[in-house]
Amino acid sequence: MLPSISLLLAAALGTSAHYTFPKVWANSGTTADWQYVRKADNWQNNGFVDNVNSQQIRCFQSSHSPAPSTLSVAAGTTITYGAAPSVYHPGPMQFYLARVPDGQDINSWTGEGAVWFKIYHEQPTFGSQLTWSSNGKSSFPVKIPSCIKSGSYLLRAEHIGLHVAQSSGAAQFYISCAQLSITGSGSTEPGANYKVSFPGAYKASDPGILININYPVPTSYKNPGPSVFTC
């Protein structure tokens with residue numbers, strides 16, 4: 001498969017303003033890059049996805065490749081997703097989960113279909129400009145919902161760079177997917193109204209994707225995707 005225009009652009013312009021999400025860890029420890037995270041296509045050049053209809057919008061993989069290991073974590077606990085080097089652009093951080101169907105292997109499951117539910121999205125602070133708490137950070141705590149069923153899950157990290165998003169197709173998606181084994185006694189399966197597919201969840205014209213954050217400065221922001229699932 002040929003590399004996307006965004007990956008070629010990243011290589012041509014350099015990677016200092018771009019980033020990956022290569023690691024996830026529990027407790028106070030950290031891990032090696034891509035140990036629990038499926039290696040994304042931008043692992044060498046820090047590029048981005050700019051086509052919401054691309055298969056890369058799911059886990060930033062042109063072809064399926066599992067992570068070397070799966071992280072075990074209890075429902076209700078907070079784990080940390082790491083960026084490298086750090087989030088550089090203004091825009092929201094979002095997290096999704098998808099449960100691997102019973103009887104299927106997380107290492108071969110690709111996350112196709114309407115299986116993804118959102119567990120967090122970031123809203124900006126409004127004022128003379130939009131400011132985002134994710135900007136400049138390299139680690140992001142994310143709480144695993146306490147009520148969900150135990151099992152194997154993919155955790156999808158997504159940051160949307162909105163600095164030039166006033167043109168269609170110019171928003172920049174930085175994405176990766178971690179492999180989790182979630183334990184606990186919960187029994188909740190989020191309803192269909194919370195679940196989306198990638199691609200399919202977003203349109204290039206969504207107001208949280210096609211937006212001029214610079215002028216006039218918005219007074220509201222609608223995150224793309226479904227509502228956040230809570231227990």
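Values below: every heavy atom of this structure, side chains too, minus hydrogens, waters and symmetry copies.
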Going by heavy atoms in the side chains, are Thr80 and Val142 under 4.5 Å from each other?
-> no
Say whether, by atom type as modelled, one donor and one acceptor occur between the side chain of Asp206 and the main chain of Lys203 under 3.5 angstrom.
-> yes
Full working for side chain to side chain donor-acceptor pair (under 3.5 Å) between Asp50 and Gln172 = CA-CA 5 Å; Asp50 54 12; Gln172 299 179 2; over 6 Å; no
Steps toward side-chain contact (heavy atoms from CB on, under 4.5 Å) verdict (Val49, Gln55) = CA-CA 10 Å; Val49 179; Gln55 291 295 319; over 6 Å; no
Side-chain contact, heavy-atom cut-off 4.5 Å: Phe229 with Asn193?
-> no
Under a 4.5 Å cut-off applied to non-hydrogen side-chain atoms, are Ile160 and His89 in contact?
-> no
Could you walk me through whether Glu158 and Arg58 pass the salt bridge (charged side-chain N to carboxylate O under 4.0 Å, His left out) check?
-> CA-CA 9 Å; Glu158 169 189 84; Arg58 186 183 304 140; over 6 Å; no
For the residue pair Phe60 and Phe21, is the inter-centroid distance of their aromatic rings smaller than 6.0 Å?
-> no
Donor-acceptor side-chain pairing of Gln129 and Tyr215 below 3.5 angstrom | no
Nearest heavy-atom neighbours spanning Pro92 and Asn223 = CB-ND2, 3.7 Å
Could you walk me through whether Phe198 and Ile175 pass the side-chain contact (heavy atoms from CB on, under 4.5 Å) test, one step at a time?
-> CA-CA 12 Å; Phe198 289 103; Ile175 303 162; over 6 Å; no
Where do Leu180 and Leu154 land on the side-chain contact (heavy atoms from CB on, under 4.5 Å) test, with the steps shown first?
-> CA-CA 6 Å; Leu180 304 181; Leu154 295 181; over 6 Å; no
With ring pair (Phe, Tyr, Trp, His ring centres under 6.0 Å) as the test, would you mind laying out the steps for Tyr96 and Tyr120 before giving the verdict?
-> CA-CA 7 Å; Tyr96 290 81; Tyr120 172 80; over 10 Å; no
How close do Pro85 and Asn46 get, heavy atom to heavy atom, and via which atoms?
-> CD-ND2, 4.0 Å
Are Phe126 and Ile211 grouped together when hydrophobic residues (ILVMFWY) are joined by side-chain heavy atoms under 4.5 angstrom apart?
-> yes
May I ask you to test the Pro145-Leu97 pair for a side-chain heavy-atom distance under 4.5 Å?
-> yes
So if you build clusters from Ile, Leu, Val, Met, Phe, Trp, Tyr with side-chain heavy-atom gaps below 4.5 Å, do Val217 and Ile209 land together?
-> yes
Any side-chain heavy atom of Glu122 within less than 4.5 Å of one from Gln94?
-> no
Say whether, by atom type as modelled, one donor and one acceptor occur between the side chain of Lys137 and the main chain of Gly82 under 3.5 angstrom.
-> no
Short side-chain donor-acceptor distance under 3.5 Å, Gln61 and Asp41 = no
Roughly how far, to the nearest 0.5 Å, is OG1 of Thr70 from CD1 of Ile106?
-> 4.5 Å
Establish whether Trp25 and Val37 are linked, either directly or via other cluster members, by ILVMFWY side-chain heavy-atom contacts under 4.5 Å.
-> no
Is the ring centre of Phe48 less than 6.0 Å from the ring centre of His18?
-> yes
Step by step, would you call Trp109 with Tyr153 a ring pair (Phe, Tyr, Trp, His ring centres under 6.0 Å)?
-> CA-CA 10 Å; Trp109 192 65; Tyr153 284 80; 9.1 Å; no
So do Leu130 and Gln123 actually touch side chain to side chain, heavy atoms under 4.5 Å?
-> no
Side-chain heavy atoms under 4.5 angstrom apart, residues restricted to Ile, Leu, Val, Met, Phe, Trp, Tyr: same cluster for Leu155 and Val228?
-> no
Ser134 side chain near Phe140 side chain, heavy-atom distance below 4.5 Å | yes
What distance separates Ser181 OG from Gln179 CD, expressed to the nearest 0.5 Å?
-> 10.5 Å
Using a 4.5 Å cut-off on heavy atoms from C-beta on, say whether the side chain of Leu71 contacts that of Thr31.
-> no
Would you mind telling me which of Ser176, Ser138, Ser139 makes a side chain to side chain donor-acceptor pair (under 3.5 Å) with Tyr81?
-> Ser176
Locate the shortest heavy-atom distance separating Asn42 from Tyr19; write the atom from each residue and the value.
-> ND2-O, 3.4 Å
When rounded to the nearest 0.5 Å, the distance separating CH2 of Trp116 from CZ of Arg156 is 7.0 Å
Taking every heavy atom of Gly208 against every heavy atom of Tyr221, the minimum-distance pair comes out as O-OH, 2.7 Å
Can Tyr202 be reached from Leu210 by stepping across I, L, V, M, F, W or Y side chains whose heavy atoms are under 4.5 Å apart?
-> no
Atom of Trp34, atom of Ala40 and distance for their closest heavy-atom approach | CZ3-N, 3.4 Å
Start with the C-alpha gap between Gln56 and Ser62, add the side-chain angles, then the distance that decides, and say whether side chain to side chain donor-acceptor pair (under 3.5 Å) holds.
-> CA-CA 6 Å; Gln56 290 177 312; Ser62 298; 3.2 Å; yes
Identify the two heavy atoms, one from Lys143 and one from Ile119, that lie closest to each other, and give their separation to 0.1 Å.
-> O-CD1, 3.8 Å
Run the side-chain contact (heavy atoms from CB on, under 4.5 Å) check on Ile182 and Ile148 step by step: do they pass?
-> CA-CA 9 Å; Ile182 297 178; Ile148 61 173; 3.9 Å; yes
